[in-house]
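These notes are about the structure you will find just below.
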2 protein chains.
Amino acid sequence: MSDATREIEALIELMARLPGLGPRSARRAVLHLIKRRGQVMAPLARAMAEVAATARECASCGNIGTADICDICRDERRATGELCVVEDVADLWAMERGQAFRGRYHVLGGTLSALDAIGPDELGIPRLLARIPEEGIGEVILALNATVEGQTTAHYIADALAGSAVRVTTLAQGVPIGGELDYLDDGTILAALRARKAL
Amino acid sequence: MSDATREIEALIELMARLPGLGPRSARRAVLHLIKRRGQVMAPLARAMAEVAATARECASCGNIGTADICDICRDERRATGELCVVEDVADLWAMERGQAFRGRYHVLGGTLSALDAIGPDELGIPRLLARIPEEGIGEVILALNATVEGQTTAHYIADALAGSAVRVTTLAQGVPIGGELDYLDDGTILAALRARKAL
């Protein structure tokens, strides 16, 4: 790419570092943007600069917003006494898209990992425990991923809360809506069978 | 995503319009950027704003650069009398990565298409024909994609040059380097067989 000037090459290199884009798709994306530099590229650059300057983590729950305390933590209608614990902001967004949960969140930012030296302090678990009396939480819903790391972390939090009066629950496991048994793994089928309900 | 503030939602929507990214991967990319807002997101926004402000099409060949005439057209060492015709800037970049061609380019910006009302004028073919005497071109290499549209366009250009002294060539078709016969389509095998060479 001796022909593309340095600025364009630098942009392609930066774009290629995004998850889901490699060198080839970064080149395609940059060409696409350059062809629409007035209508798409300039607004995208402005939106990105604005978010880079204003985005921050909520001091209470770890969600991402543009204020010190996020919209959800500021919203008094969400002080329902329920606290949903998720691994990542992406999981919080997924829960919000579902529009089923009306309480507040606590974003761990990862899972416990001895290998990566991620302990309870790195995940803000002391802060989670402190929020329970502060905000009058009656139920902690552990919405962690159904992976070994997620479940290990869930058990750690459940143990830490064992002595308190708070109710600890977890998302149900079973057949996804629209799921076909033939495509499900054995573990999911087993979990769904064990948790079977009367029709 | 009622939780993500408006700026973040707007950024996700703009990112989701990039080729190769959908709504889901745009969310992932934006979260990735926000977590690295100082080291990655701000420089990316600056690089994008800079390219949006400075990128332009070369007035001579259609390549993208940051000057009215691109680096390749300004480079006197590339006045070899060979002109390589490509459909898109991405194809020009692919040729340059190969480092095999040392002449200049002509970027059509598409292929002839009656359906989309793209005729010779829209592709700058009159400008291509004008460059041949202006730049003392002796050979026009048609490096168009091996698609029906690419080959139709190649034949149109070859016909337009039929009366002139210029030599018109096209890229060889055959088995790609490292290609396995079992994975090639029948058309490629037929083309490779017809163009077989003595060992």
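For clarity, every value in this text was computed on a predicted model and none was experimentally measured.
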Hydrophobic clusters here meaning ILVMFWY residues chained together by side-chain heavy-atom distances under 4.5 Å, can you tell me if A:Val168 and A:Val86 are in one? no

Looking only at A:Ala29, A:Ala55, A:Ala49, most heavy-atom pairs under 4.5 Å shared with chain B are made by A:Ala55

Okay, A:Met15 and chain B: the region with an atom under 4.5 Å from a heavy atom over there is both

Cut-off 4.5 Å, heavy atoms of chain A, and the answer for B:Ala90 is both

Pair count under 4.5 Å, heavy atoms only, with chain A: among B:Ala10, B:Ala94, B:Ala45, B:Ala42, highest is B:Ala45

Worksheet item: Quick check: are there more than 12 heavy atoms from other residues, nucleotides or ligands sitting under 6.0 Å from CD of B:Glu122?
Response: yes

So CZ of B:Arg56 and CD1 of A:Ile34: to nearest 0.5 Å the spacing works out to 12.0 Å

| query | Is A:Arg167 atom CZ crowded by more than 12 heavy atoms from other residues, nucleotides or ligands, each under 6.0 Å away? | reply | no

Pair count under 4.5 Å, heavy atoms only, with chain B: among A:Leu18, A:Leu14, A:Leu31, highest is A:Leu31

- Query: For B:Asp159, does the CG atom have more than 12 heavy-atom neighbours from other residues, nucleotides or ligands under 6.0 Å away?
  - Reply: yes

### Task
Evaluate the criterion side-chain contact (heavy atoms from CB on, under 4.5 Å) for residue pair B:Arg97 and A:Arg27; output intermediate values, then yes/no.
CA-CA 13 Å; B:Arg97 283 199 299 281; A:Arg27 280 197 300 271; 3.0 Å; yes

If one checks every heavy atom of B:Asp75 against chain A at 4.5 Å, the contacting part turns out to be neither

| message | Same cluster or not: B:Met41 versus B:Ile12, using hydrophobic residues (I, L, V, M, F, W, Y) connected whenever any side-chain heavy atoms lie under 4.5 Å apart? | response | yes

Rounded to the nearest 0.5 Å, the CD atom of B:Glu57 sits from the NZ atom of A:Lys35 at a distance of 8.5 Å

task: Given side-chain contact (heavy atoms from CB on, under 4.5 Å), test B:Val51 with A:Arg37 step by step and report yes or no.
output: CA-CA 8 Å; B:Val51 170; A:Arg37 52 192 175 273; over 6 Å; no

Distance col, row A:Trp93:CH2 vs B:Ile8:CD1, nearest 0.5 angstrom, shows 6.0 Å

Output for pair (A:Leu44 CG, B:Met48 CE), nearest 0.5 Å, gives 4.5 Å

### A:Glu134 atom CD, over 12 foreign heavy atoms within 6.0 Å
yes

Turns out that what part of B:Glu50 lies under 4.5 Å from chain A's heavy atoms comes down to side chain

Report, as yes or no, whether the 6.0 Å neighbourhood of atom CZ on A:Arg74 holds more than 12 heavy atoms from other residues, nucleotides or ligands.
yes

Is there a path of hydrophobic side-chain contacts, each under 4.5 Å between heavy atoms of I/L/V/M/F/W/Y residues, joining A:Val140 to A:Tyr156? yes

Please determine whether residues A:Leu144 and A:Phe101 belong to a single hydrophobic cluster, defined as Ile, Leu, Val, Met, Phe, Trp and Tyr linked transitively by side-chain heavy-atom distances below 4.5 Å. no

Ranking B:Pro19, B:Gly20, B:Gly38 by heavy-atom pairs under 4.5 Å to chain A gives rank one to B:Pro19

